[in-house]
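In listed order, ligands and their atoms are each counted from 1.
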Amino acid sequence: MASPQGLKAPLEFGGPLGAAALMLLLPATALHLLLAARSGPARLLGPPAHLPGLSELWNPRVLLLLLTWLGLQAALYLLPARKVAEGLELKDKSRLRYPINGFQALMLTALLVGLGISAGLPLGALSEVLLPLAFVATLTTFIFSFLLYMKAQVAPASGLAPGGNSGNLIYDFFMGRELNPRIGFFDFKYFCELRPGLIGWVLINLALLLQETELRGSPSLAMWLVNGFQLLYVGDALWYEEAVLTTMDITHDGFGFMLAFGDLVWVPFTYSLQAQFLLYHPQPLGLPRALLICFINAVGYYIFRGANSQKNTFRQNPSDPSIAGLETIPTATGKRLLVSGWWGMVRHPNYLGDLIMALAWSLPCGVSHLLPYFYFFYFAALLVHREARDELQCLQKYGRAWHEYCQRVPYRIVPYIY
Ligand SMILES: NC(=O)C1=CN([C@@H]2O[C@H](COP(=O)(O)OP(=O)(O)OC[C@H]3O[C@@H](n4cnc5c(N)ncnc54)[C@H](OP(=O)(O)O)[C@@H]3O)[C@@H](O)[C@H]2O)C=CC1
Ligand SMILES: CC(C)=CCC[C@@H](C)[C@H]1CC=C2C3=C(CC[C@@]21C)[C@@]1(C)CC[C@H](O)C(C)(C)[C@@H]1CC3
């Protein structure tokens with residue numbers, strides 16, 4: 001049953017109609033990008049050069065490959081963890097426990113893949129099945145989201161998400177009804193957010209790099225940069241895994257089609273678009289320009305990591321010496337808000353750093369095509385929308401104190417611009 005609070009929550013993403021449209025549009029966009037990256041003209045806008053038939057999309061062996069991958073990541077999740085962390089307090093005052101072994105999973109996966117490659121595993125061939133792989137991953141996500149929806153039918157009201165319980169089947173299927181669906185210690189949302197999709201993304205990048213080596217004798221500098229930058233990003237996410245427990249996805253959003261598709265299809269198949277593009281459209285890149293791009297990525301990472309770590313430290317231990325000199329304002333909830341340091345520059349400095357990195361990931365692909373810049377434009381739109389959602393939640397949480405923060409720190413993401 002939906003909680004009374006859930007029934008009153010305002011509808012997002014354009015309500016049931018918007019949710020239905022997104023459930024068609026997102027898979028279609030992912031497939032379009034995969035097709036465009038390998039086509040000659042590599043057009044972001046406009047119809048794809050050819051439409052694949054079902055025989056190009058459906059392949060039971062690829063389904064088996066996907067299930068093996070999910071099974072492997074699930075097994076790594078269940079291995080003993082260096083630490084078990086507690087999540088934020090839930091409505092019923094309890095706290096869930098989460099294993100912190102994502103980085104260990106990345107290392108063990110790298111070890112297994114390394115052993116596989118040295119034993120003759122043709123990892124580069126993965127680049128040839130990306131289309132059917134994305135297709136079966138999409139089908140799997142629909143089935144998985146249906147199972148999550150059914151599981152929520154028997155969840156206690158206190159376990160339901162504030163937003164995904166409107167009573168409309170399509171909307172709730174999309175948004176996700178249950179906040180933290182679990183079987184025992186296995187937390188589906190936490191698992192999907194950081195493991196199969198993120199690690200899958202860098203594995204796909206590596207496969208594309210190996211395939212380029214096979215085709216052209218060695219990987220290009222542009223391919224090295226894209227692989228390196230994105231590996232740093234994924235490694236960082238898993239190294240600071242505990243920080244994900246305070247993100248909106250874990251604390252506020254239900255686990256339904258939107259996040260499941262985002263985690264299992266959108267991230268691995270569209271975030272690897274630059275490497276896909278480079279395999280089929282090699283780009284010359286000289287050392288001076290490569291160094292400049294590395295510098296841009298380093299600036300973005302510095303801001304992203306600095307801002308995220310500052311807030312996480314502040315929330316976990318406000319008296320930590322590294323943040324002792326920062327100015328804060330009190331709120332009626334007892335929590336304080338940072339108004340100096342990174343969080344005094346703009347209201348979402350972590351988004352700014354993330355966006356600068358997004359630009360650095362596209363620049364190695366040159367400026368001849370728009371396609372590799374898709375991630376940058378999509379990400380800017382996602383963060384603007386996400387920022388607006390977070391503002392609303394913070395306004396509800398902190399009221400007048402949030403108004404004061406907005407007055408003291410007037411810009412949202414980009415200083416003096418937005
Ligand atoms: N690559 C990708 O596709 C995506 C990446 N991201 C990245 O994920 C990271 C996390 O983002 P996200 O979960 O959206 O949100 P944030 O990490 O920005 O967290 C927002 C929360 O921080 C707290 N907060 C806000 N302002 C202050 C302040 N001044 N002082 C102290 N606390 C404050 C509030 O929660 P409270 O007060 O309750 O603690 C607020 O709800 C970001 O770096 C983002 O760029 C996000 C989405 C997609
Ligand atoms: C278009 C569509 C399907 C939207 C769904 C959005 C998801 C793709 C993103 C929502 C929040 C995300 C986060 C990350 C990846 C993308 C999704 C799932 C993240 C795991 C990337 C790595 C970062 O370091 C992070 C851990 C902070 C981040 C958390 C949010």
Identify the protein heavy atom lying closest to [atom], giving its residue, its atom name and the separation to 0.1 Å.
atom                    : result
atom 18 (C) of ligand 2 : Asp263 OD1, 3.0 Å
atom 16 (P) of ligand 1 : Asn350 ND2, 3.5 Å
atom 25 (C) of ligand 2 : Ala237 CB, 4.6 Å
atom 46 (C) of ligand 1 : Arg386 NE, 3.5 Å
atom 32 (N) of ligand 1 : Arg315 NH2, 3.2 Å
atom 1 (C) of ligand 2  : Leu26 CD2, 3.6 Å
atom 30 (N) of ligand 1 : Leu338 N, 2.9 Å
atom 43 (O) of ligand 1 : Asn308 ND2, 3.0 Å
atom 45 (O) of ligand 1 : Asp354 OD2, 2.5 Å
atom 4 (C) of ligand 2  : Leu382 CD1, 4.1 Å
atom 22 (O) of ligand 1 : Lys311 CD, 3.2 Å
atom 38 (O) of ligand 1 : Lys397 NZ, 2.7 Å

| said: Given Asn101, which partner from the list Arg195, Lys83, Glu241 fulfils the side chain to side chain donor-acceptor pair (under 3.5 Å) test? | reply: Arg195
| request: Assign the ring pair Phe304 / Tyr233 to parallel, tilted or perpendicular, where the plane angle (0 to 90°) is split at 30° and 60°. | output: tilted
| message | Heavy-atom contact check, 4.0 Å cutoff: does Tyr233 meet ligand 2? | response |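 Yes; Tyr233 lies near enough to ligand 2 that a heavy-atom distance drops under 4.0 Å.
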| Below 4.0 Å from any atom of ligand 2, is there a heavy atom belonging to Arg386? |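 Within the 4.0 Å threshold, so yes.
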Is the charged tip of [X] near the ring of [Y]: under 6.0 Å from the six-membered ring centre and within 45° of its axis?
X      : Y      : answer
Arg177 : Tyr149 : yes
Arg182 : Tyr98  : yes
Arg389 : Phe13  : no

| For atom 8 (O) of ligand 1, is some protein heavy-atom partner under 4.0 Å away? | no
Heavy-atom nearest neighbour of [atom] within options [options]:
atom                    : options                        : answer
atom 15 (C) of ligand 2 : Leu383, Val244, Val267, Thr270 : Val267
atom 27 (C) of ligand 1 : Leu337, Asn312, Asp249, Asp390 : Leu337
atom 30 (C) of ligand 2 : Glu241, Arg305, Glu193         : Glu193

| said: To check you understand the geometry: which heavy-atom pair defines the closest contact between Phe257 and Ser145, and what is its length? | reply: CA-OG, 3.4 Å
| Taking every non-hydrogen atom, the tightest pair across Leu35 and Pro52 | CD1-CD, 3.6 Å
| query | In terms of side-chain heavy atoms, does Glu212 have a donor or acceptor partner in Ser220 at a distance below 3.5 Å? | reply |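 Yes, side-chain donor-acceptor contact under 3.5 Å.
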| task | Give a yes or no on whether Leu17 atom CG has more than 12 heavy-atom contacts from other residues, nucleotides or ligands under 6.0 Å away. | result |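 12 or below, so no.
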| request: Check the surroundings of atom CZ in Phe185: do more than 12 heavy atoms from other residues, nucleotides or ligands lie under 6.0 Å from it? | output: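 Yes.
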| query | So does Arg400 pair up with Glu404, basic N to acidic O under 4.0 Å? | reply | no
| task | Just do the side chain to side chain contact (heavy atoms under 4.5 Å, CB included) check on Ile117 and Leu210 with the steps written out, would you? | result | CA-CA 10 Å; Ile117 292 175; Leu210 293 176; 3.8 Å; yes
| said: Taking a cutoff of less than 4.0 Å between a non-hydrogen atom of the residue and any ligand atom, is Tyr375 in contact with ligand 1? | reply: yes
| task | May I ask whether His348 places a heavy atom under 4.0 Å from ligand 1? | result |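 Within the 4.0 Å threshold, so yes.
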| query | Can you tell which part of Leu382 has a heavy atom less than 4.0 Å from ligand 1: side chain, backbone, both or neither? | reply |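 The answer is the side chain.
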Can you check whether [X] has an N/O within less than 3.5 Å of an N/O in ligand 1?
X      : answer
Tyr351 : yes
Arg336 : no
Tyr405 : yes
Trp402 : no

| Mind checking whether Tyr271 and Phe379 have ring centres under 6.0 Å apart? |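 Centroid separation for Tyr271 and Phe379: 6.0 Å or greater.
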